[in-house]
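Lettering of chains follows the sequences in order, A, B, ..., and the numbering in each one begins at 1.
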2 protein chains.
Amino acid sequence: MTQTPLSSSDKTRAALIAAGLHLFSQHGYAGASTRAIAGRAETNVASIAYHFGSKEGLRTACAEEVARLISEAVGKAGPQPVGPSQARAAIKSTLTRVAGFVLGGMAPPDAIGFMLRELAEEGPSVDLVYARMIEPTHRRLCVLWAVATGLAEESEQVRLAVFALMGQLFYFRIAEGIVRRRMGWRAYGPGEIAKIIDTLTRGIESALSGG
Amino acid sequence: MTQTPLSSSDKTRAALIAAGLHLFSQHGYAGASTRAIAGRAETNVASIAYHFGSKEGLRTACAEEVARLISEAVGKAGPQPVGPSQARAAIKSTLTRVAGFVLGGMAPPDAIGFMLRELAEEGPSVDLVYARMIEPTHRRLCVLWAVATGLAEESEQVRLAVFALMGQLFYFRIAEGIVRRRMGWRAYGPGEIAKIIDTLTRGIESALSGG
DNA sequence: TTGCATTTCAAACAACCGTTTGAAGAATTG
DNA sequence: CAATTCTTCAAACGGTTGTTTGAAATGCAA
C-alpha cells in the first residue's frame, strides 16, 4: 500500500473521473457536457483536454477506473473447490460479494451505471470492461457451477446458466427504480439488499439441487 | 381490424417514431440529434416540431408506441388458473411469448432498447411504461407464481422471485453483445433464443418444484 | 530569490444543437 | 375549377457543444 501524497494534478484528475462517472451514468455520454463535468469537479473546462486529451479520453479513463474498482471488489479467484458442496458455497459467497458491490453503496454507485451505459451504447470502453472484468468473472463462475452440477465446464448449458444468474443480479440494479416502486421500498438499504440476495440464493439452491 | 389507408402525415409520423426509437435507443436521448432523426426518416427537421411539438414530444410518442407494441405482444390475461400445474404452464407460455418479443425480431429491436434507455435516464416516459406495461405484467405473473407455489400473491418473496425471473430475460437482451461474444454466437437466431428460453424454463422448473 | 515546468483559467473558436419562420408544395373541399 | 387547409422544405435564429489559445497562477529545483 504505497500511499503517495496526491499532487494537485492527481486530485483534479480524480475529481474529473468521479464527475465523469456520475454524469455519464446519469445522462449518457452525449448528454453530459464537458462544462457540466468540469463544474462538478470544481475545475475549468480546459482541464479535461489538458489531462485526458479530449472528452473521449475522459471516457476511457472512467472505464479504466471502473474496471479497477470492480476487479478490486470481486477479488481474485479462490482455491479450486474440491467438491460440489464447496463449489456451491463458493458461488454463494461470490454472489453475496458481487451483490453488495452492485446493489449497495460499497462503490461509487456511478460505476455500475457507467458500465451499463457503455454496454447500451456499445461504446469504446466495452471491450476493456469485457476483457478485464466480465469474461474472467463469468469464466470463474462457470468453473464453480460445473463442479457443483457435474456438467462440463464450458458447456452451453453452464455458460447460459451463469449468465442467467448474473442477469438477475444486474437487473435489480438496472431496474432499481421499478423494483423500488413495486416493492414500496424507499431505497436499497442493507435489509432490502439482504432480501434480494436471499431471493437469488434461493434460486441457486433449487437450480443446483433440483433436476 | 379497420385498415384506414395511411395519409402522408401518418406515414411521416410513423417514420419519425421508428427513426426516433432507433436513434434514441442507440445513442440516448441527448445523443440523437433532430437532424439525424429526420434524415433517417427521410423528411425535414421541421417535421418533428410540426408533428410532435418538440423533440421531447417525439420522445413521449415513442414511449407510447413502445407501450402499445408491448402490450399487444404480451397480450391480455388468460383465464384464472385453477391449480399449480396450470399456473406453471401459464408462466412458461407467458415467458416464451415475452422472450420471443424481447429477444427476437418480433418487434422493432429498438423498442426494448428505447425502454431500457428511458429506464436508465429516469426519463419522463418511465411512468408511462411502468403503469401501462411493467406493473400489470408483473402483477399478473405474481398471481401465477403464487398459485404455482402456494405462497401469498403479494408476498415479498413472490414479487422478488418474479423480478428475478424477468431480470434474467431482460439481461439477455441488455447484454446481448457480451452474451454473443462469450457464447460465440453471431446473432440471436431462433436456435439461440430457444436455448435461452430453455435455460430460463429450467430455472423456473427447479424453482417451482424444489424447496 | 530566480528560472523553469506544470497546472489552471477566462475567453474565443467553429460546429452543431433544437426550434422558428415564411414560402412552396400537396391534398382536400365546395 | 378556385379556395382552403394540411404538410413539407430550405434557411436562419440564438444557444450550447467540444476544443483551442495564450496568459496568469502555482509548484519546485537551484
For A/Arg40, salt bridge (Lys or Arg N to Asp or Glu O under 4.0 Å) partners two or more places apart: none
Side-chain heavy-atom pair A/Glu192, A/Lys195 within 4.5 angstrom cut-off: no
Sequence-distant partners of B/Phe163, ring pair (Phe, Tyr, Trp, His ring centres under 6.0 Å), two or more places apart: B/His138
Rounded distance (Å) that lies between atom P of D/dA24 and atom OH of A/Tyr50: 18 Å
Atom-to-atom span, CG of A/Asn44 to P of D/dA25 - whole angstrom: 14 Å
All pairs passing salt bridge (Lys or Arg N to Asp or Glu O under 4.0 Å) where residues 41-59 of chain B contributes a residue, at least two apart: B/Glu56-B/Arg59, B/Arg59-B/Glu118, B/Arg59-B/Glu121
Salt bridge (Lys or Arg N to Asp or Glu O under 4.0 Å) pairs, two or more places apart, involving residues 15-33 of chain B: none
Within residues 57-65 of chain A: residues closer than 4.0 Å to DNA chain D (heavy atoms): none
Partner residues of B/Glu176 under the side-chain hydrogen bond (donor to acceptor under 3.5 Å, both in side chains) criterion, sequence neighbours left out: B/Arg180
Results of side-chain hydrogen bond (donor to acceptor under 3.5 Å, both in side chains) for A/Gln157 - residues two or more places apart only: none
Which residues share a ring pair (Phe, Tyr, Trp, His ring centres under 6.0 Å) with B/His27, sequence neighbours left out: none
Chain B footprint on DNA chain C, 5' to 3' - any atom under 4.0 Å from a heavy atom: C/dC17 to C/dT21
Counterpart residues, side-chain hydrogen bond (donor to acceptor under 3.5 Å, both in side chains), relative to A/Arg88 (two or more places apart): none
Below 4.0 Å: OP1/OP2 of D/dT8 and any side-chain N or O of B/His51: yes
Where protein sits on nucleotides 14-19 of chain D, one letter per nucleotide: B base, S sugar-phosphate only, - none, heavy atoms under 4.0 Å: ---BBB
A/Asp10 CG - D/dT26 P separation (whole Å): 19 Å
Residues that A/Phe170 engages under ring pair (Phe, Tyr, Trp, His ring centres under 6.0 Å), provided they are two or more places apart: B/Tyr171
